[in-house]
Asks: 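Handing you this structure, nothing more for now.
Note that this is a predicted model, so its numbers are computed, not measured. Numbered from 1 within each chain, the chains take letters A, B, ... in sequence-line order.
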Number of protein chains: 2
Amino acid sequence: MSRTAKDRQVTDSQTNTVLSPYCRARDVLDRVGDKWSVYVITLLGDGTKRFSELKRDIHVITQRMLTVTLRGLERDGFINRTVYPVYPARVEYSLTPLGASLLDTLRALLTWSIDHVDRVDEARQHYDDAEPTDR
Amino acid sequence: MSRTAKDRQVTDSQTNTVLSPYCRARDVLDRVGDKWSVYVITLLGDGTKRFSELKRDIHVITQRMLTVTLRGLERDGFINRTVYPVYPARVEYSLTPLGASLLDTLRALLTWSIDHVDRVDEARQHYDDAEPTDR
DNA sequence: CCGGATCCCTGTAGATACTG
DNA sequence: CAGTATCTACAGGGATCCGG
């Protein structure tokens, strides 16, 4: 469940055959969970982009958070980072095959989310409006 | 981008037609991102389960975290909570149609994750082992 | 005993701002 | 374009207490 390599190889003493692979899958799910990664991957699905282009496309993201996000995605092997030694500096990002593969899977979840967010919102309001004594 | 209803209806002043729906989709993606929700949904995919059954199946989860997770999923309309006024207390959880629908989409991502975690781990080690001077 | 609530503590994601 | 420092909010966890 943890992020460290050491904890990840925990032997599942309870002979739970499902939990263990799930724990490892969390490494990927955590990427999906963080605020900007999915969106950056989606944008790079349209092709190679510069740092400044991404910054402009998202526009509400902090410069710092874009850097952090890109570093993480590069580390996980989802994107390539190419630096052109020119002035002013030019850095381009693009999806790796692994990243493109993830994007394919992600699109399904993304469209599901967009299609059902309204229903989730309804459920939340219904839940929040209910008498606390009901529970 | 935020969790509050107020912030969610931010008017996209930059005429960015993609970012806005993505922000709303985050409400769903955040569920995927949190540590136990996906696993609980998966377990409930096999059918109705009691609190104690879920606790036993996951076994490394805290009683508190299971409660918190179930509350969140119930609030979002993904699961049903049924209390039987008996002794000892009996509470059963099951997927709603919405939850079952999400699970279908989730399975694809889950299998992708499990299939590619090794490649991600490789990428990470390669990245971490590289000379910091390379960047 | 079961299911949960409540208090408290910690790590860390994310933001702001400043630097080169 | 990026690195660094600092701050805050909150997710996650431990322990303990509570009502049926």
Asks: Closest approach to the side chain of Met65(B), judged atom by atom: which nucleotide of dG13(D), dC1(D), dG4(C) is it?
Replies: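 Selected nucleotide: dG13(D).
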Asks: Whether Glu122(A) and Arg124(A) form a salt bridge (side-chain N of Lys/Arg under 4.0 Å from carboxylate O of Asp/Glu) is what I want to check.
Replies: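 Salt bridge: no.
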Asks: Can you tell me the distance, in whole Å, between the CD atom of Glu92(A) and the C1' atom of dC1(D)?
Replies: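 Distance check: Glu92(A) CD to dC1(D) C1' gives 14 Å.
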Asks: Given atom CG of Leu66(A) and atom P of dA2(D), what is their separation to the nearest angstrom?
Replies: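 Going from Leu66(A) (CG) to dA2(D) (P), I get 9 Å.
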Asks: Would you say Arg81(B) places a side-chain N or O within less than 4.0 Å of OP1 or OP2 belonging to dG4(C)?
Replies: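 For dG4(C), OP1 or OP2 has a side-chain N or O of Arg81(B) closer than 4.0 Å.
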Asks: Specify the separation, in whole Å, of atom NZ of Lys49(A) and atom C1' of dC1(D).
Replies: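 Answer to the nearest Å: 18 Å.
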Asks: How many Å lie between CG on Leu70(A) and P on dG3(D), as a whole number?
Replies: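 Taking CG of Leu70(A) and P of dG3(D), I get 11 Å after rounding.
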Asks: I need the CZ-P distance between Arg71(B) and dT6(C), as an integer number of Å.
Replies: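 Rounded to whole Å, this separation is 10 Å.
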Asks: As an exercise, state the distance from CG of Asp76(B) to CZ of Arg31(B), rounded to the nearest 0.5 Å.
Replies: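 The distance works out to 4.5 Å.
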Asks: Would you check if Arg90(A) and Phe51(A) make a side-chain contact, meaning some heavy-atom pair closer than 4.5 Å?
Replies: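 The answer is no, as the side chains (C-beta and beyond) never meet within the 4.5 Å cut-off.
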Asks: So, is Lys55(B) near the phosphate of dG4(C), with a side-chain N or O under 4.0 Å from OP1 or OP2?
Replies: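 So the side chain of Lys55(B) is outside the cut-off, no N or O lying under 4.0 Å from OP1 or OP2 of dG4(C).
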Asks: Reckon Phe51(A) touches a base, only the sugar-phosphate, or nothing at all at heavy-atom distances under 4.0 Å?
Replies: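 Here Phe51(A) touches the backbone only, sparing every base.
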Asks: Name the one of Thr48(B), Thr42(B), Val40(B), Ile41(B) that satisfies side chain to side chain contact (heavy atoms under 4.5 Å, CB included) with Leu44(B)?
Replies: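 Among Thr48(B), Thr42(B), Val40(B), Ile41(B), the one meeting side chain to side chain contact (heavy atoms under 4.5 Å, CB included) with Leu44(B) is Val40(B).
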Asks: Using only side-chain N and O atoms of Thr62(B), determine if any of them is under 4.0 Å from OP1 or OP2 of dG14(D).
Replies: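 Result: yes.
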Asks: Under a 3.5 Å threshold, yes or no: a donor from one side chain and an acceptor from the other, between Asp34(B) and Ser37(B)?
Replies: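 Yes, side-chain donor-acceptor contact under 3.5 Å.
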Asks: dG13(D) C1' sits how many Å from Asp34(B) CG, rounded?
Replies: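 In whole Å, dG13(D) C1' lies 14 Å from Asp34(B) CG.
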Asks: When the distance from CD of Gln63(A) to C1' of dG14(C) is rounded to whole Å, what number comes out?
Replies: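 Rounding to the nearest Å, CD of Gln63(A) and C1' of dG14(C) are 15 Å apart.
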Asks: Counting any heavy atom closer than 4.0 Å, what does Tyr93(B) reach on the DNA or RNA strands: base, sugar-phosphate only, or nothing?
Replies: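 Sugar-phosphate, no base atom in range.
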Asks: Check whether any side-chain N or O of Arg56(A) sits under 4.0 Å from OP1 or OP2 of dC1(D), and answer yes or no.
Replies: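 Negative; the distance criterion is not met.
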Asks: Atom CG of Asp30(A) and atom C1' of dG12(D): how far apart are they, to the nearest Å?
Replies: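 In whole Å, dG12(D) C1' lies 12 Å from Asp30(A) CG.
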Asks: Reckon Ser52(B) touches a base, only the sugar-phosphate, or nothing at all at heavy-atom distances under 4.0 Å?
Replies: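 Ser52(B): backbone/sugar contact only, no base atoms under 4.0 Å.
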Asks: Classify Arg64(A) by what it touches in the nucleic acid, base, sugar-phosphate, or nothing, heavy-atom distance under 4.0 Å.
Replies: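 Base contact.
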